[in-house]
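Notes follow once the structure below has been shown.
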Amino acid sequence: MNATVAVVPPKRRAAVPAGLVVLFLLPLILMPLAAVFAFALRGGPRAFWGALSSPEALFALRFSLMIAFATAVINGVLGTFTAYVLSRYRFRGQRVLGIIVNLPVAIPTVVVGTSLLLLWGPIGLLGRFLGPLGMQPMFAPAGVLLAHLFVTFPYMLGAVKPVLDELEETYEEAAYTIGATTLQTFRYVILPTLKGGLFAGALLTFAHSLGEFGATVMVSGNLRMKTQTAPLYIFAQFEAGNIETANAVAAVLALLSFLIFFVLLRYTGRRTDD
Amino acid sequence: MSITLQDVTKRYGDQIPVDRVSLEVQAGELFVLLGASGSGKSTILRMIAGLVDPDGGTIKIGERDVTHLPPQARDIGLVFQNYSIFRHMTVAQNIEFGLRIRGVKSAERRKRRDELLDLVGLTGLGGRFESQLSGGQRQRVALARALAYRPGVLLLDEPFGALDVKIRVQLRQSLKEIQKTLGVTTVLVTHDQEEAFELGARIAVIDRGRLLEVGPPKRLYESPRSLFVATFLGAGSVLVGRARGHNVELGPLTLPIPMDVPHEEGDRVRVLIRPEHVVLSEERKPNAPTLGQGEVIEDTFTGASRRIRVRLPPLAGGVRQVVPPLHFGEEGVRLDVAVHAHADPPPRKPWVSLEEWHILRQPTPRLLVCDEGEGLASALEFAALLLPALNGVATVLGVAEDARKQDLLRDALASRAASAGMKDASVRVRRGETTEQILVEQRDAPYDFVVAGAGEVESLRRGRRRAPQLAEELALSTTIPLLAVRGRPRRFERILICTAIGEPGKSDVRAGGWLARRMGAAATLLHVSRPGRATPFAVEHLERGVSTLRELGVAGTSAIREDEEAVAGILAFLREVPHDLVVVGAPPAGSRPLRSEPATTRVLRECGISILVVPEGSW
């Protein structure tokens, strides 16, 4: 018996557990994904194109991409700065701040939406003063952006801070002694080192923003051709019974996500190979 | 460009990593800061670089005061221990970085970069990245990068620390050549004595934030002033003999004390003996200074030389060995001898004589003065009076309850010390429980006396017959002599040394006598015994004490007083014959009884004058 066990190649022994994993992943992940594409293409390519080229669908996709891009850029800057401050300075309340900036991961997105409404909404704490001035961030693109910034804030930080933590301070000090100003040091020494982290963080932020639903649905008012993002459009079409239209946009979103995911995978994979 | 440091100090909370360091590096000199890890040498370098802001003192580069200038404005190049080569830049880009920042044109940059690559021996490697370089090459890149913009000063922080021994030797040589070629003022930090000797035109030895000695390697090795420098630089033994006239008696040897080593009769004088200066011979050499006949206990081959360890029987006159420390219970003297590896094996029972020796400076007496930052400043005032007579230095110590009060207390101590006349004293503030922190300070730094207030005579008259609790607690726990002072500050003229209390040791007589000698005071040795019980032993003990005092150059008399009880006897004697300082022994710290009221604290509380409590074995 012992001898038999010994000659069994390890690969064959893995067949059963690996098979099990695939088996439960099928209904959980793989089949639903396949269903999206199957449904999207059921009416043929013409119908698929037709669904996508409706002005509402195009707007939703374009709006989502723009919001995601803006979120990635803004949080790229804010997240990097926060990471720098948290990594380089020692101050009272640092730990608390470190927890707060990661909080959005833990808060349900619907709650984020609600809280934004309660602050900036027409009867919100600050919003009520903005109304008379003719400004209304909620139910407008600005509100969507605010929600996305909130929800995706930790991703940039999470990608950049570990890199900064690992970068010894002597590199900055070396630049200072060589004559570089703080700004030059950041530009020529720190930023290039952070390139990888920035790229990964931006992609993650972008991907999360692209798929954001819970907070968006609360703050956007789901106004077609105005604040409707792609996920909201999918949901609205689905509710209206236009399953194929919904699926066409869903398929595009899924494809975009795959694309981002594979770029990330290749990129981080290459970096670990170094 | 020269570098001048004047009283440069750095504090981190309770720690003083750099304590009033003053030094001058001449233009074009290769200067080495040598010290163990944690000695503060790197902090000094970082302060010169502007990466650490000093809390006191001034730093000048050339004629320019750069104390609070940012690193960018200091015209320096710094090579870090980890080199900190920018990983995303090529070697060439790294080297050109300083020039690019300064807006130098690219053609000129390239020319300078190639010059530097040639200089550090990396010609043709400009296109490589850090990951493609060996450790030695990285160091060269860091050096080239720091030199690119022709800084006035080159600073190197343990530049060879991360390298193999073989490469280290090569790189030292090339650094030396480069420094010579460029003539750039260079400060190098290292913990490696060999490296310091090989590179440094002059070396500064740093220990616990203080600059101990500065000098050329040969001077420091052959005639160090302090024990630390003597033992940190090279091997050897340090023996302690007694000063007699202008000589030190070291067993059978009488060695002249050099003119520049001030000493007092009977002082303990430390003699450094290097292994290469000890000679072993079969027969006694007639005209050589000979310590005696010893025994070879170890013979170790170390490559080019052989180390022989000999043990000598105890030397006359109570010669002690302080370095290397003897094993517990070991007697006599242990000396290391360095001989050529191919020399004949030493005789088993060789005669040991000396070719050379070096007498170390007397250590400066150090007082630890405890002050609360408010109320009576008697400890400060007494210390200010004692310092010139002792030729000593003082540290004023305060203990704060919490971090918030620390800075306030430090300021208060500094101004109180200054107004008491001790503006050179260093001020130290610790945090926590007072007595405990004073004991920690005693343990952490070498002090000869701790000075504290013992409560005022006035308050005794008012019936509050309690000395401050601090003095009492200290009397029971101190490991060094405690001088608890009271009354108007004055020099001690008549000192009463009570041999009745404590163990029959001699620390109290020695410490009291030492103080009497420096104060020019007369001493009385008192023994209290029960009526009719004065034993011959007591009489002999007193006689020995008086002769110890005489050796120290102190006029001493003895007295025996009969009383049922020792403390009562002392107090009665003091009432009859006024003195201004009473000296009592104390059992060694840790073995003191806590339940019954110890005689020491009773005398402290009731004698009404200043008191010196000497723990047995502390002097």
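The figures that follow rest on heavy atoms only: side chains count, while hydrogens, waters and symmetry mates do not. Throughout, a chain's letter reflects where its sequence line sits, starting with A, and its residues are numbered from 1.
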Using non-hydrogen atoms only, which part of A/Glu173 is less than 4.5 Å away from chain B: side chain, backbone, both, or neither?
both
For atom [atom1] of [X], is the number of surrounding heavy atoms from other residues, nucleotides or ligands below 6.0 Å larger than 12?
| X | atom1 | answer |
| --- | --- | --- |
| B/Gln132 | CD | yes |
| A/Leu183 | CG | no |
| A/Phe69 | CZ | no |
| A/Phe91 | CZ | yes |

Please report the closest heavy-atom contact between [X] and [Y], naming both atoms and the distance.
| X | Y | value |
| --- | --- | --- |
| B/Ser84 | A/Thr170 | OG-OG1, 2.6 Å |
| A/Tyr171 | B/Phe86 | O-CE2, 3.5 Å |
| B/Gln72 | A/Thr181 | NE2-CA, 3.8 Å |

Heavy-atom distance under 4.5 Å to chain A: side chain of B/Ile85, backbone, both or neither?
backbone
Answer with side chain, backbone, both or neither: which region of B/Arg87 has an atom nearer than 4.5 Å to a non-hydrogen atom of chain A?
side chain
Flag the pair A/Tyr188 / B/Ile101 as yes when at least one side-chain heavy-atom distance between them is below 4.5 Å, and no otherwise.
yes
For a 4.5 angstrom cut-off between non-hydrogen side-chain atoms, does B/His88 reach A/Lys195?
no
For the interface with chain A, which of B/Pro71, B/Ser131, B/Pro151 has the highest count of heavy-atom pairs at distances below 4.5 Å?
B/Pro71
Return the option, out of B/Leu155, B/Ile76, B/Val79, B/Asn82, with the maximum number of heavy-atom pairs under 4.5 Å with chain A.
B/Asn82
Rounded distance (nearest 0.5 Å) linking atom CZ of B/Phe80 with atom CD of A/Glu169:
10.0 Å
What residues form a side-chain hydrogen bond (donor to acceptor under 3.5 Å, both in side chains) with B/Arg109, not counting sequence neighbours?
B/Glu96
